[in-house]
**Q** 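Let me give you the structure first, and then I'll get to my questions.
Hydrogens, waters and symmetry mates play no part in the numbers below; they use all other heavy atoms, side chains included. Here is the naming used below: chain letters follow the sequence lines, and residue numbers restart at 1 for every chain.
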There are 4 protein chains.
Amino acid sequence: MKEKITTQSIKLFEKKGFSQTSIQDIVNELEVTKGTFYYYFSSKEQLLMDIHLDYITNLLERQHRILDNENLLQKEKLSNIVRLLITDITDKGPSARVFFREVRHLTNDNIESIKEKRDQFRLNIEKTIQEGVTIGEFRAGIRTDMVTFGLLGITNWSYQWYKPDGDVSAEELADIYVDMILNGIEQ
Amino acid sequence: MKEKITTQSIKLFEKKGFSQTSIQDIVNELEVTKGTFYYYFSSKEQLLMDIHLDYITNLLERQHRILDNENLLQKEKLSNIVRLLITDITDKGPSARVFFREVRHLTNDNIESIKEKRDQFRLNIEKTIQEGVTIGEFRAGIRTDMVTFGLLGITNWSYQWYKPDGDVSAEELADIYVDMILNGIEQ
Amino acid sequence: MKEKITTQSIKLFEKKGFSQTSIQDIVNELEVTKGTFYYYFSSKEQLLMDIHLDYITNLLERQHRILDNENLLQKEKLSNIVRLLITDITDKGPSARVFFREVRHLTNDNIESIKEKRDQFRLNIEKTIQEGVTIGEFRAGIRTDMVTFGLLGITNWSYQWYKPDGDVSAEELADIYVDMILNGIEQ
Amino acid sequence: MKEKITTQSIKLFEKKGFSQTSIQDIVNELEVTKGTFYYYFSSKEQLLMDIHLDYITNLLERQHRILDNENLLQKEKLSNIVRLLITDITDKGPSARVFFREVRHLTNDNIESIKEKRDQFRLNIEKTIQEGVTIGEFRAGIRTDMVTFGLLGITNWSYQWYKPDGDVSAEELADIYVDMILNGIEQ
DNA sequence: GATGAATGAGGCTTCATTCAT
DNA sequence: TATGAATGAAGCCTCATTCAT
């Protein structure tokens with residue numbers, strides 16, 4: 001049941017936004033009552049926090065798996081992370097959109113905790129790029145922190161517009177962006 | 001008064017989000033009553049629409065001025081557009097954040113109208129890149145549409161994290177991103 | 001202008017009801033502002049009172065003219081009053097409907113004053129019937145007060161359903177009702 | 001609770017009218033909160049609709065019981081329907097007044113649905129009169145439709161003025177009106 | 001005569017939450 | 001586990017009215 005509530009919430013939060021979705025909306029389609037909701041979650045925010053935690057925890061874990069692979073070049077690691085993010089749109093898209101759009105509705109400790117993990121994810125990318133610069137894979141002199149934000153901009157923004165059922169597959173899009181990030185568009 | 005209400009709303013919408021901001025919140029600091037609000041705006045959404053319209057109209061106008069300049073190379077045009085977006089963060093940041101985050105609260109015709117103008121802005125960039133490809137400024141074979149989304153990802157995402165009072169000025173950040181987009185990060 | 005406001009109000013009060021019609025609604029189509037309204041009327045109720053007074057005063061006056069005609073039999077007087085009420089539907093219908101439906105929105109003195117005149121109109125009919133009984137035009141033993149209410153029921157109710165552009169003209173309807181009141185429907 | 005709310009509303013709607021009665025007014029005397037109201041009714045109009053539906057459904061049902069009795073003459077059926085309407089004033093008066101006065105506040109489907117049932121009630125009476133004409137109980141040549149409206153005018157108007165605690169009982173009033181309708185008032 | 005800005009009270013409705021069962 | 005009744009705070013919006021100009 002808890003699982004079902006979470007799934008349904010993500011669907012609704014994505015479609016209508018956190019504020020615009022009432023507990024009633026969530027339980028309606030599940031054919032249970034609001035009481036049930038409060039049996040499993042202590043508050044609406046708690047539910048949102050659960051969703052956020054699930055999402056970022058999973059993401060960090062998979063990022064770690066990439067970074068821990070010592071056989072990969074830095075650019076391969078980067079490439080895999082981009083791929084990870086983009087291909088996730090298909091099945092984790094809803095969660096991701098909730099994650100990006102609705103953080104604001106977390107308060108105090110919750111928001112701190114999430115921000116921390118988010119920063120960690122970003123800093124892991126920055127470190128990878130930095131390492132790449134150090135060993136000469138990437139151009140010297142680049143602002144690794146700004147570039148990291150740039151990379152995340154590209155990937156995260158995709159969640160806003162990319163439709164997996166268009167003429168570009170997620171794999172292809174990942175390739176396109178890896179190429180763009182590595183080589184730029186200039187002749 | 002109308003101006004004051006708009007300014008105050010933008011401030012609050014940015015800080016707390018559209019839903020979390022009540023009309024009461026808006027008028028409180030202005031020391032007028034809710035009635036006054038409704039004298040100037042027919043609804044909360046109408047206000048949001050006004051903000052959106054102001055923002056995108058202004059943006060399109062300035063984009064046109066860049067594109068109409070026939071002395072510029074395509075990459076210079078692109079560069080100028082990136083610069084336009086990034087340097088706007090300083091004084092148009094709040095409007096922009098509201099613009100990006102709260103579109104969802106527009107309904108029906110309003111959202112259509114805004115989406116249309118937004119698409120126009122994006123397609124203007126795409127056309128510029130396409131033109132660059134045609135005349136050999138940019139690499140052949142790139143997906144101009146996807147690259148455009150990538151570019152917008154970089155710039156728009158900046159509104160979420162960039163603080164103009166850090167150690168990187170807006171001008172510098174624009175340069176960094178122009179460089180990244182044109183040349184990539186690979187050695 | 002005052003005239004125009006009154007006319008427009010009657011139209012709107014009839015269509016949407018007194019409560020559902022705002023001062024704004026009234027002045028909108030007249031292309032003046034609410035200020036103008038308050039220049040001519042001290043309040044919304046005042047306007048309603050004006051309408052009521054106009055209507056009932058006019059009605060009483062015309063009733064008097066009928067009753068004062070000494071050449072008429074009582075049943076002719078009655079007949080003429082029915083005719084007066086029914087044929088009024090065409091051009092006084094809106095006023096009448098406002099008169100019947102919206103009295104409730106008058107308060108205190110206003111409502112008293114109107115009720116008084118209304119009672120007067122009714123009692124005049126009752127007296128006519130009574131006179132008819134006395135002189136043998138009407139059946140002895142009838143409850144003249146109840147019969148009067150019955151007669152008014154027939155006529156006043158017409159305002160709720162009668163459409164002058166149907167297949168029965170106002171004149172004909174008046175005839176039908178005079179016949180019904182005088183002779184009943186039984187074989 | 002739902003029952004209590006309905007009863008209380010009818011009382012208030014009758015006294016002050018639908019528009020002039022606020023949800024607050026309704027729940028105040030019941031010593032519950034507005035929330036409770038909305039637990040049982042989805043809107044103020046929904047409540048009004050419930051009242052209307054209850055009233056007209058009950059009326060139609062009892063009318064059917066009269067019409068289905070094959071032992072009665074047409075004029076007895078008519079007489080019973082008049083009696084039904086008039087004697088209802090005592091205990092159904094408030095509902096009836098709400099029913100007659102506040103239909104206007106129903107919208108769209110609601111109003112259609114009620115009007116339909118109302119028409120049905122009227123047409124049933126018309127049919128009865130028509131039948132009476134056919135078999136010679138009633139005078140040939142009368143406009144059965146107009147006469148029906150006349151009859152309903154008499155009965156429905158009673159709800160506006162008749163006080164059951166006066167010197168005429170409901171039974172007596174019904175007799176008076178049946179007599180008036182059947183025989184008229186002329187000598 | 002007429003306007004435009006502003007008020008303030010009140011109305012309908014939504015909703016997260018609680019709690020006894 | 002789950003329900004159903006109830007709460008209360010808050011939100012959006014409407015509107016008659018006032019008043020300086």
Side-chain angles (χ1 to χ4, degrees), chain A residues 1-2 4-5 18-28 30-48 105, chain B residues 1-2 4-5 18-28 30-48 105, chain C residues 1-2 4-5 18-28 30-48 105, chain D residues 1-2 4-5 18-28 30-48 105:
Chain A
M1 186 77 263
K2 190 172 182 178
K4 272 160 101 183
I5 293 177
F18 180 78
S19 308
Q20 265 51 50
T21 302
S22 68
I23 307 288
Q24 196 56 252
D25 289 337
I26 295 170
V27 297
N28 268 351
L30 264 35
E31 286 181 326
V32 291
T33 58
K34 275 189 284 191
T36 307
F37 178 92
Y38 280 94
Y39 180 76
Y40 291 107
F41 297 93
S42 62
S43 74
K44 201 184 171 190
E45 184 178 343
Q46 185 49 243
L47 161 63
L48 186 62
H105 296 102
Chain B
M1 188 73 263
K2 191 173 182 179
K4 272 160 103 184
I5 293 177
F18 179 78
S19 309
Q20 265 47 50
T21 303
S22 69
I23 307 291
Q24 195 55 254
D25 290 338
I26 295 170
V27 296
N28 268 351
L30 263 35
E31 285 180 327
V32 291
T33 59
K34 273 183 290 189
T36 304
F37 177 91
Y38 282 95
Y39 179 73
Y40 290 104
F41 298 93
S42 60
S43 71
K44 201 182 168 191
E45 183 177 342
Q46 185 51 241
L47 162 62
L48 186 61
H105 296 103
Chain C
M1 186 77 265
K2 190 172 182 177
K4 272 161 103 183
I5 293 177
F18 179 77
S19 307
Q20 267 50 51
T21 303
S22 67
I23 307 288
Q24 195 55 253
D25 290 337
I26 296 169
V27 297
N28 267 352
L30 265 36
E31 286 180 327
V32 292
T33 59
K34 277 188 284 192
T36 306
F37 177 92
Y38 280 93
Y39 180 78
Y40 290 106
F41 297 93
S42 62
S43 72
K44 200 183 168 189
E45 184 178 343
Q46 186 49 243
L47 162 63
L48 185 62
H105 296 103
Chain D
M1 187 74 263
K2 190 173 181 177
K4 274 160 102 182
I5 293 177
F18 179 78
S19 308
Q20 265 48 50
T21 303
S22 68
I23 307 290
Q24 196 53 256
D25 290 338
I26 295 170
V27 297
N28 268 352
L30 263 35
E31 284 180 327
V32 290
T33 59
K34 273 184 288 188
T36 304
F37 178 92
Y38 281 95
Y39 179 73
Y40 290 104
F41 297 93
S42 61
S43 72
K44 201 183 170 190
E45 182 178 344
Q46 185 50 243
L47 161 63
L48 186 62
H105 296 103

**Q** Could you state the atom-to-atom distance from CZ of B:Phe41 to P of F:dC13 in whole Å?
**A** 13 Å

**Q** Would you classify A:Ser19 as touching base, sugar-phosphate or nothing, given that sugar-phosphate means primed atoms plus P, OP1 and OP2, and contacts are heavy atoms under 4.0 Å?
**A** nothing

**Q** Which base, if any, makes a Watson-Crick or G-U wobble pair with F:dA10, both distances under 3.5 Å?
**A**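 Paired with F:dA10, as far as the under-3.5 Å criterion goes, is E:dT13.
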
**Q** DNA chain E: A:Gly35 or D:Glu45, which has the more 5' nearest nucleotide?
**A** D:Glu45

**Q** By nearest heavy atom, map B:Glu31 and D:Lys34 onto DNA chain E; which one lands nearer the 5' end?
**A** B:Glu31

**Q** Starting the side chain at C-beta, find the nucleotide from E:dA16, E:dT3, F:dC13 nearest to B:Lys44.
**A** F:dC13

**Q** Rounded to the Å, how far apart are A:Ile26 CD1 and E:dT17 C1'?
**A**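 After rounding, the gap between these two atoms is 14 Å.
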
**Q** E:dA16 P sits how many Å from B:Gln20 CD, rounded?
**A**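 It works out to 11 Å between those atoms.
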
**Q** Whole angstroms only, please: what is the OH-P distance between C:Tyr39 and F:dT21?
**A**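 Nearest whole value for this atom pair: 19 Å.
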
**Q** Look at the side chain of D:Val32 and decide which nucleotide, out of F:dT7, E:dT3, F:dT1, has an atom nearest to it.
**A**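 In terms of side-chain proximity for D:Val32, the closest of F:dT7, E:dT3, F:dT1 is F:dT7.
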
**Q** Check D:Lys44 against D:Ser19 and note the closest heavy-atom contact, atom names and distance.
**A** NZ-O, 3.9 Å

**Q** For the C1' atoms, the ones on E:dG1 and on F:dC19, what distance do you get once it is rounded to whole angstrom?
**A**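 The answer is 15 Å between these two C1' atoms.
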
**Q** Of all the choices, F:dA16, F:dG11, E:dA6, which nucleotide is nearest to the side chain of C:Ile23 once you look at every atom?
**A** F:dA16

**Q** Rounding to an integer number of Å, can you tell me how far C:Leu30 CG sits from E:dT3 P?
**A**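 About 10 Å, once rounded to whole Å.
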
**Q** Need one value for D:Tyr40: base, sugar-phosphate or nothing, where a base atom within 4.0 Å counts as base even if backbone is also close, heavy atoms only.
**A**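 It contacts sugar-phosphate atoms only.
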
**Q** Where do A:His105 and A:Glu45 land on the side chain to side chain contact (heavy atoms under 4.5 Å, CB included) test, with the steps shown first?
**A** CA-CA 7 Å; A:His105 296 102; A:Glu45 184 178 343; over 6 Å; no

**Q** Starting the side chain at C-beta, find the nucleotide from F:dC12, F:dA6, F:dT1 nearest to B:Ser22.
**A**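 Among F:dC12, F:dA6, F:dT1, the one nearest the side chain of B:Ser22 is F:dC12.
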
**Q** Check whether any side-chain heavy atom of A:Met1 sits under 4.5 Å from a side-chain heavy atom of A:Leu30, and report yes or no.
**A** yes

**Q** Assuming nearest nucleotide by heavy-atom distance, tell me which of D:Thr33 and C:Asp25 is located more 5' along DNA chain F.
**A** D:Thr33

**Q** Take atom CG of C:Asn28 and atom P of E:dT3, then tell me their distance rounded to the nearest Å.
**A** 12 Å

**Q** To the nearest angstrom, how far is C:Met1 atom CE from E:dA2 atom C1'?
**A** 10 Å

**Q** DNA chain F: C:Ser42 or B:Tyr38, which has the more 5' nearest nucleotide?
**A**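 So the residue in question is B:Tyr38.
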
**Q** Where do D:Phe41 and D:Ile5 come nearest, in terms of heavy atoms and distance?
**A**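 D:Phe41 and D:Ile5 have their closest heavy atoms at CE1-CG2, 3.6 Å.
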
**Q** Looking at D:Tyr40, is D:Lys4 sitting on its ring face, NZ or CZ under 6.0 Å from the six-membered ring centre and within 45 degrees of the normal?
**A**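 Pair D:Lys4/D:Tyr40 does not count as cation-pi.
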
**Q** For a quick test of reading the model, state the closest non-hydrogen atom pair linking A:Thr21 to A:Ile26 and the distance between them.
**A**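 So the minimum-distance heavy-atom pair works out to CG2-CG1, 3.8 Å.
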
**Q** Rounded to the nearest Å, what distance is computed from the CD atom of residue A:Gln24 to the C1' atom of nucleotide E:dT13?
**A** 14 Å

**Q** Counting only Watson-Crick or G-U wobble pairs whose two distances fall under 3.5 Å, which nucleotide matches E:dT18?
**A** F:dA5

